[in-house]
There are 2 protein chains.
Amino acid sequence: MSEGKVLIFGHKNPDTDTICSALVYADLKKKLGKNVEAVRLGEVGAETQFALDQFGVSAPRMMEHVADEADQVILVDHNERQQSAEDIDQVQVIEVIDHHRIANFETESPLYFRAEPVGCTATILNKMYKESGVEVSKEMAGLMLSAIISDSLLFKSPTCTEEDVDAAKELAPLAGVDLDQYGLDMLKAGADMASKTPEQLITMDAKEFSMGEIKAVIGQVNVIDAKDVLDRQKLVEDAMQKEVDSRGLGLYLLAVTDILNSNSIVLAVGEQVSAVEEAFGVSFENGQALLEGVVSRKKQVVPPLQSVLG
Amino acid sequence: MSEGKVLIFGHKNPDTDTICSALVYADLKKKLGKNVEAVRLGEVGAETQFALDQFGVSAPRMMEHVADEADQVILVDHNERQQSAEDIDQVQVIEVIDHHRIANFETESPLYFRAEPVGCTATILNKMYKESGVEVSKEMAGLMLSAIISDSLLFKSPTCTEEDVDAAKELAPLAGVDLDQYGLDMLKAGADMASKTPEQLITMDAKEFSMGEIKAVIGQVNVIDAKDVLDRQKLVEDAMQKEVDSRGLGLYLLAVTDILNSNSIVLAVGEQVSAVEEAFGVSFENGQALLEGVVSRKKQVVPPLQSVLG
């Protein structure tokens, strides 16, 4: 075990904000003299890889279990236990930097917990550089910018706040890129779903939630053309059913989000499919339901479902 | 219902930090143009009243239920549901400013949650005035100073950090008092236990915790002379037993904390009394156990008990 090293990581099924925020916060902590390392709990997606390549930064080291290597950890971009490392209960969480709801999180002792209702963890980190008086490098500016573009779908998501937009506009020149051009290129790099297997589609950005008595998994894929996914609807549903059966889920929801037109078509499997209809006031037709204007899992999918199931 | 008014309050059985931090954060929010009101969930203690009188500030309004008057609330100095308003589940928590462990807290949506491992909520609020560029009035400086002195037992508690000391030293001149003299006078005002009934003694600063399968209540009284409490040990234990029976508790612990000598004598009632012996490596003699150097419930009492019971 490295003496006293603190591991920093985001959630399972890492997205661009989770990977970039772990790397960025590790950079800030190191510059403040702390012994930390950014790690990740899953594969790097195509969108995230595009961002890492653009700014010449290596992906963090992959880990499944963290307790073998550290006594203390810092969570970024998540707090819910079931979204974290499998053995999270065996380590001490000493800090959390997040922008999600708080649930299934408990500590024995006080800690530094900073959650803000902004669109992206990196927006908070950008503030923390300023508060600490540490200069932001070109690479870290690029990673924070990429995270904001990703989480806000280039500012189209309702989760996006003025603070996120301001941070992105401030970071783009530091990163040396044109915000809109780079943003669209990066989102497109992550939106190619035709090459993914059904299993990849449903798990690549899937999060588990406790809602009332049941466990629900909500997956999301960003697409330019929903057909890339919906042409294989039956195979995708079979993959979802398999997860429902093996994990005892009450619901598996997949949101296929059109990032250009800003709406989502959802597929759902499990005993609680009717809860989806109730939550969003829609009916499934041929297994599909259109949620107009819905692009944010956090702000537009989880709360209505939680209200019905919680 | 006042249109859109947000209520700000601390925990049940309010102590000086909880009352003062609610008043102080309401002051800051109002100066930032927000429609808020500080309220309290219980009686004002003698120490707190001393502080309020010293700086000419009225106690917040007393409330038992909050949902009749507000849809949204801000919690200060606590986050655990069972320490909050009875109907906390019926309102939306939009902010938390706290310095305790996080547990039994869950939201549907993202929020502003700021917990820091410092000795006092007011220390965080003092920073927030600076971050907001709002000037601290003499009255609010006095309340923040009082909260820090109270929570840190005039800097003797192990929960006290450099930040707390720095904040107090900065606030004392603004409040126009001599830190040490005022601090001792205030603590003494709250340490007169001879005039309290056994029921008052065990409930005046009592917090409930979920530990593993059981509910435990941990009360604490600050004294100059422990005899004021221990002379009536049997009556105090009877009062604790009554609470254990009526509330189905596994443990009722009362820490009688000598604020001059910085240690505590504990009394315990309930099925889990042996957990106390295990947690602290002590044996009860005549129903009393001395915990040397223990003055902080949060840092020195809850974590060891949680380790044994959790």
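Here is the naming used below: chain letters follow the sequence lines, and residue numbers restart at 1 for every chain. Excluded from the calculations below are hydrogen atoms, water molecules and symmetry mates; all remaining heavy atoms, backbone and side chain alike, are included.
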**OP:** Name the option with the most non-hydrogen atom pairs under 4.5 Å to chain A; the candidates are B:S307, B:P117, B:G310.
**Re:** B:P117
Original post:
Strictly by modelled atom types, are B:E163 and B:T123 linked by a side-chain donor-acceptor pair under 3.5 Å?
Top reply: no
**OP:** Give a yes-or-no answer on whether the side chains of A:T161 and A:D164 include a donor-acceptor pair shorter than 3.5 Å.
**Re:** yes
Original post:
Who among B:D98, B:L111, B:I94 has the most heavy-atom pairs with chain A under 4.5 Å?
Top reply: B:L111
Original post:
Among A:R114, A:E80, A:E95, A:H100, who wins on heavy-atom pairs under 4.5 Å with chain B?
Top reply: A:H100
**OP:** May I ask you to check whether A:H78 and A:S84 show a side-chain donor-acceptor distance below 3.5 Å?
**Re:** yes
Original post:
Roughly how far, to the nearest 0.5 Å, is NZ of B:K29 from CD1 of B:I74?
Top reply: 4.5 Å
